[in-house]
*Asks:* 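Have a look at this one.
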Amino acid sequence: MSTRIAFLKGHGTENDFVIVPDPENALDLSPAAVAALCDRRAGIGGDGVLRVVRSAAHPEARAMAGEAEWFMDYRNGDGSIAEMCGNGSRVFARYLQHAGHVTEGDLAIATRAGVKTVHIAKNGDITIGMGRARLPERDVTVTVGERSWPARNVNMGNPHAVAFVADLAHAGDLYTAPPVSPASAYPDGVNVEFVVDRGPRHVAMRVHERGSGETRSCGTGACAVAVATARRDGADPAVTGTPATYTVDVPGGRLVITERPDGEIEMTGPAVIVAEGEIDAEWLAQTFG
C-alpha cells in the first residue's frame, strides 16, 4: 500500500462526504477505517465515504459496467454499507466532473440500488434519477419521548419512515435513532424523517440517518418525504397523469423533488467539492487496522 491515499471532501446541501478515488478497487477500506475517516475530531469528518471505483473492477458492480462506467461504493459514517445515497450521488457526479471523467450533460452511475441517471446542468445544479418509490402497506409508528406519530413507510432503495409533526423541535436531538414500531418492519434499521408544512407543495424536514445520526440533509429522505406528502395531499402522478413537484427544505439547504407519472423520481440540488489532499495510509493501517 502506498504511504498516501488521495481524498477529496465534498457536500450536497451540507450532507458531507469523504471521497476516495480508487478506480481499480485496490483499497480495502474496513468499517473501522471508514468510521475513522468520518470522525469529525480524529479524522477528516463526514456523514459517509464515497469510494469511486470503475464498475468493471468491483464484483458488486461488474454486471452494471455496460451501462455505467463508475460505481459509487457508499459507506455510512459508522462504516456500514448502504444501498444508496441521493446527496452522495450528486457529490459523486461532481467529483467525476471535477476529475475530468465527465462533462456537463447526462451520465449514469452504478449503485447498490441499481444504475442511476444523472444530469449535470450548466447552472451547476445536478439532477439525479432516484428510481421509483415503494410504499409497503404496513402501519408504523415513530416515538420521541412522550410523543408518537403514525409514519408512512417509503422505500427508495433504502428504508424510510416519514412522520408529519407540528414542530421540527419535537424530533428531539436525534443523537440516537428514534424508536420505530413494529421493529419487524425494518429488520436492517431505518432512516426517520420528521416533516412540517411550509406552504403549498413546500415542506421542511429533519432526519436521523441510519448509521450516521442526524445529518444536514438526506437525498433519499427528501424523496421519501415528497412522495409521502403527495400521497397525504391526495396527489398520485400515476393516477392524475401530472408530475408532482415539491420543494423540500433541509437544514443544509433546499432540494426540489419531482415524481413523474411513470413513477420515476428526480431530485435536483447543488453539489460542491471543497478540498482535496492525502490520507496517511500508515495512520489508517496502524490505528484502525
Side-chain angles (χ1 to χ4, degrees), residues 1-55 57-61 70-99 101 109-113 158 174-177 188-189 191 207-221 251-252 271-289:
M1 180 182 290
S2 65
T3 57
R4 302 277 176 183
I5 300 169
F7 82 95
L8 299 89
K9 181 71 182 288
H11 76 90
T13 50
E14 298 183 10
N15 200 184
D16 62 334
F17 308 94
V18 179
I19 305 160
V20 180
D22 184 20
E24 303 309 318
N25 195 27
L27 297 176
D28 180 15
L29 283 181
S30 68
V34 170
L37 290 174
C38 292
D39 189 302
R40 297 191 180 279
R41 291 179 173 83
I44 295 167
D47 293 321
V49 166
L50 302 172
R51 192 165 67 106
V52 185
V53 187
R54 290 189 188 278
S55 297
H58 198 289
E60 291 183 75
W70 296 97
F71 172 59
M72 183 179 76
D73 176 18
Y74 178 64
R75 317 289 184 89
N76 292 314
D78 65 355
S80 61
I81 289 173
E83 304 90 340
M84 173 59 181
C85 177
N87 288 318
S89 297
R90 295 201 319 280
V91 174
F92 189 92
R94 179 68 77 218
Y95 164 75
L96 293 178
Q97 182 186 35
H98 174 87
H101 298 307
I109 292 172
T111 76
R112 290 186 174 87
N158 57 359
L174 293 183
Y175 292 148
T176 57
D188 298 317
N191 305 285
V207 58
H208 181 280
E209 283 200 63
R210 176 183 58 168
S212 297
E214 182 173 17
T215 58
R216 300 284 292 169
S217 181
C218 175
T220 56
V272 181
I273 301 295
V274 299
E276 54 188 309
E278 294 179 327
I279 304 163
D280 189 279
E282 186 177 348
W283 168 73
L284 277 179
Q286 290 186 354
T287 308
F288 302 97

*Asks:* Kindly compute the distance separating OG (S212) from CG (L174), expressed to the nearest 0.5 Å.
*Replies:* 12.5 Å
*Asks:* Does R51 reach the main-chain N or O of L29 with its side chain, forming a donor-acceptor pair under 3.5 Å?
*Replies:* no
*Asks:* Give me the atom names and distance for the closest heavy-atom approach of V49 to Y74.
*Replies:* O-CD1, 3.3 Å
*Asks:* Specify the closest pair of heavy atoms between F92 and L50, including all atoms of both residues, with the distance to one decimal.
*Replies:* N-CD1, 4.0 Å
*Asks:* Any non-hydrogen side-chain atom of N15 less than 4.5 Å from a side-chain atom of V91?
*Replies:* no
*Asks:* Does a side-chain heavy-atom distance below 4.5 Å link L96 with V52?
*Replies:* yes
*Asks:* Before you tell me yes or no, could you show the steps for N25 and D73 under side chain to side chain contact (heavy atoms under 4.5 Å, CB included), namely the whole-Å CA-CA distance, both residues' side-chain angles and the distance that decides it to 0.1 Å?
*Replies:* CA-CA 10 Å; N25 195 27; D73 176 18; 5.9 Å; no
*Asks:* I5 and A281: which non-hydrogen atoms are nearest, and at how many Å?
*Replies:* CD1-CB, 3.9 Å
*Asks:* Applying side chain to side chain contact (heavy atoms under 4.5 Å, CB included), can you list everything that pairs with P23, at least two apart in sequence or on another chain?
*Replies:* R54, W70
*Asks:* Quick one: pull up OG1 in T220 and CG in N191 and give me the separation to the nearest 0.5 Å.
*Replies:* 5.5 Å
*Asks:* Which salt bridge (Lys or Arg N to Asp or Glu O under 4.0 Å) pairs, counting each pair once, include a residue from residues 80-90, with sequence neighbours left out?
*Replies:* E83-R210
*Asks:* If I take atom CE from residue M72 and atom OG1 from residue T111, how far apart are they, to the nearest 0.5 angstrom?
*Replies:* 5.5 Å
*Asks:* Please give me the minimum heavy-atom distance between N87 and G219, naming the atom from each residue.
*Replies:* ND2-N, 3.0 Å
*Asks:* Provide the closest heavy-atom pair for M84 versus S89 in the form atom of the first, atom of the second, distance.
*Replies:* CE-OG, 3.1 Å
*Asks:* Looking only at side chains, do D47 and T215 share a donor and an acceptor under 3.5 Å apart?
*Replies:* no
*Asks:* Return the CD1 to CZ distance between I44 and F17, rounded to the nearest 0.5 Å.
*Replies:* 14.5 Å
*Asks:* If every non-hydrogen atom of D78 is compared with every non-hydrogen atom of S80, which pair is closest and at what distance?
*Replies:* OD1-OG, 2.6 Å
*Asks:* Could you walk me through whether R216 and H11 satisfy the side chain to side chain contact (heavy atoms under 4.5 Å, CB included) test, starting with their C-alpha distance in whole Å, then the side-chain angles of each, then the deciding distance to 0.1 Å, before giving a yes or no?
*Replies:* CA-CA 10 Å; R216 300 284 292 169; H11 76 90; over 6 Å; no
*Asks:* To the nearest 0.5 Å, how far apart are CZ in R75 and OG in S30?
*Replies:* 8.5 Å
*Asks:* Would you check if C85 and N76 make a side-chain contact, meaning some heavy-atom pair closer than 4.5 Å?
*Replies:* no
*Asks:* Could you tell me the separation between the OG atom of S217 and the CD atom of E209, rounded to the nearest 0.5 Å?
*Replies:* 8.0 Å
*Asks:* Below 30° counts as parallel, above 60° as perpendicular, anything between as tilted: where do the rings of F71 and H58 land?
*Replies:* tilted
*Asks:* Is it true that a side-chain atom of K9 and a backbone atom of G45 form a donor plus acceptor pair closer than 3.5 Å?
*Replies:* yes
*Asks:* Determine whether R4 and D280 satisfy the following criterion, side chain to side chain contact (heavy atoms under 4.5 Å, CB included), listing intermediate values before the conclusion.
*Replies:* CA-CA 5 Å; R4 302 277 176 183; D280 189 279; 3.8 Å; yes
